[in-house]
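The chains referred to below are lettered A, B, ... by the order of the sequence lines, with proteins before strands, and numbering in each begins at 1. In this text, all values refer to a predicted model and were calculated from it rather than measured experimentally. Side chains are part of it too, since the values below use all heavy atoms of this structure and drop only hydrogens, waters and symmetry mates.
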Protein chains: 2
Amino acid sequence: MRRDVFQAIADPTRREIINLLAEKPLHLNAIADNFEISRPAISQQIKILIACGLITVKKEGRERYCELKFEKLNEVSKWVEQYRSFWTNKLDTLDNYLSEKTEVKPKTNKK
Amino acid sequence: MRRDVFQAIADPTRREIINLLAEKPLHLNAIADNFEISRPAISQQIKILIACGLITVKKEGRERYCELKFEKLNEVSKWVEQYRSFWTNKLDTLDNYLSEKTEVKPKTNKK
DNA sequence: TAAATGCGTAAGTGTTTGCTTACAAATATA
DNA sequence: TATATTTGTAAGCAAACACTTACGCATTTA
């Protein structure tokens with residue numbers, strides 16, 4: 001059974017879970033509340049995200065808090081960004097890219 | 001049948017095909033030469049990459065040249081980069097990221 | 001202590017995936 | 001024209017996937 005980040009983010013439900021956890025850690029039922037599918041279904045998706053290292057779990061009483069490991073997404077980022085020069089050079093969207101990035105990472109020109 | 005970029009890049013073979021085509025366009029047999037699996041298997045993978053817009057095909061005689069549409073990867077980039085600030089701020093791997101990027105895109109500080 | 005809550009997992013199911021071999025169509029070459 | 005080359009696709013198959021219901025185990029609450 002393959003368990004890498006690329007396979008993990010291929011599923012829309014799992015990407016949505018990631019999106020939820022990006023805001024703040026949530027326990028399993030709180031996550032499941034956002035979906036139509038059953039609680040065990042979410043539990044299984046969480047299991048996959050844990051297996052590939054995208055989230056970790058903290059036990060608190062009977063609740064399990066899921067926390068996103070953002071840095072695991074770096075694997076995807078590194079893979080996709082190696083091709084960036086090609087499409088930015090070709091389409092001249094470099095400016096858009098830089099201005100977009102500035103929003104999230106203002107320290108582009110570090111001293 | 002879902003055909004989005006995330007699902008397309010989930011498969012290692014398809015990522016390898018993308019990697020090959022990043023260097024230069026290739027016709028189908030030339031691609032297949034790089035893999036152990038059969039030619040029809042590659043043909044089917046190519047079909048998926050076409051369906052989601054990651055490659056286009058140019059007919060030349062009896063050969064079909066596959067060309068990578070780099071910019072389609074922007075969908076993945078946009079999704080993953082929205083979370084970058086979280087992991088860079090947290091782990092202070094910004095420097096690594098920037099030096100890595102410099103390798104592939106030397107014109108970061110365009111005049 | 002009994003009931004409720006939060007969760008994991010087993011078992012079952014229909015669908016999708018990724019491959020194979022076999023075949024056919026289009027184009028190039030002898 | 002006969003043959004070789006490049007490719008697409010159909011059919012079949014085993015494995016993986018994404019869900020469901022059912023159940024059991026901790027933990028908390030009444």
**Study point:** Pairwise salt bridge (Lys or Arg N to Asp or Glu O under 4.0 Å) hits with a residue in residues 50-62 of chain B, at least two apart
**Key:** B/Lys58-B/Glu67
Exercise for review: Under the side-chain hydrogen bond (donor to acceptor under 3.5 Å, both in side chains) rule, collect the residues that match up with B/Asn29, sequence neighbours excluded.
Suggested key: none
Practice item. Using atom CZ of B/Arg64 as one end and atom C1' of C/dT27 as the other, report the distance to the nearest whole Å. Key: 9 Å
Exercise for review: Whole angstrom is fine here: how far is it from NZ in A/Lys47 over to P in D/dC17?
Suggested key: 13 Å
**Study point:** Pairing residues for B/Leu28 by the side chain to side chain contact (heavy atoms under 4.5 Å, CB included) criterion, not counting sequence neighbours
**Key:** B/Arg39, B/Ser43, B/Ile46
**Study point:** For A/Arg14, all residues meeting side-chain hydrogen bond (donor to acceptor under 3.5 Å, both in side chains), sequence neighbours excluded
**Key:** A/Gln45
**Study point:** Contact residues, residues 23-33 of chain B to DNA chain D [heavy atom, < 4.0 Å]
**Key:** B/His27, B/Leu28, B/Asn29
Review point. Below 4.0 angstrom from OP1 or OP2 of D/dC17, is there any side-chain N or O of A/Gln7?
Key: yes
Revision key, fill the gap. B/Tyr65 OH to D/dT6 P, in whole Å, measures 10 Å
**Study point:** Test side-chain hydrogen bond (donor to acceptor under 3.5 Å, both in side chains) applied to A/Asn34 - qualifying residues, sequence neighbours left out
**Key:** none
Check your understanding: When you check every protein heavy atom under 4.0 Å of nucleotides 20-30 of chain D, what one-letter string (B, S, -) results, 5' to 3'?
Key -> BBB----BBS-
Study note, to complete from the structure: Contacts satisfying ring-ring contact (aromatic ring centres under 6.0 Å, His included) that involve residues 49-68 of chain B (not counting sequence neighbours) are B/His27-B/Tyr65
Practice item. Find the distance B/Asp11:CG to C/dT17:P and express it as a whole number of Å. Key: 11 Å
Check your understanding: B/Thr56 versus B/Ile50: any side-chain heavy-atom pair under 4.5 Å?
Key -> no
Check your understanding: With respect to the side chain of A/Ser43, which nucleotide from D/dC17, D/dA18, C/dG8 is positioned closest?
Key -> C/dG8
Study note, to complete from the structure: Separation of D/dC19 atom P from A/Ile46 atom CD1, nearest Å, is 12 Å
**Study point:** Value in whole Å for how far the C1' atom of C/dT21 lies from CD1 of B/Ile42
**Key:** 16 Å
Exercise for review: Whole angstrom is fine here: how far is it from CD1 in B/Ile48 over to C1' in C/dC19?
Suggested key: 11 Å
Practice item. Assess A/Arg84 against B/Phe70: is NZ or CZ under 6.0 Å from the centre of the six-membered ring, and within 45 degrees of the ring's axis? Key: no
Check your understanding: What's the CD-P distance between A/Glu63 and C/dC7, to the nearest Å?
Key -> 6 Å
Point to revise | Test side chain to side chain contact (heavy atoms under 4.5 Å, CB included) applied to B/Glu75 - qualifying residues, sequence neighbours left out | key: B/Val5, B/Lys72
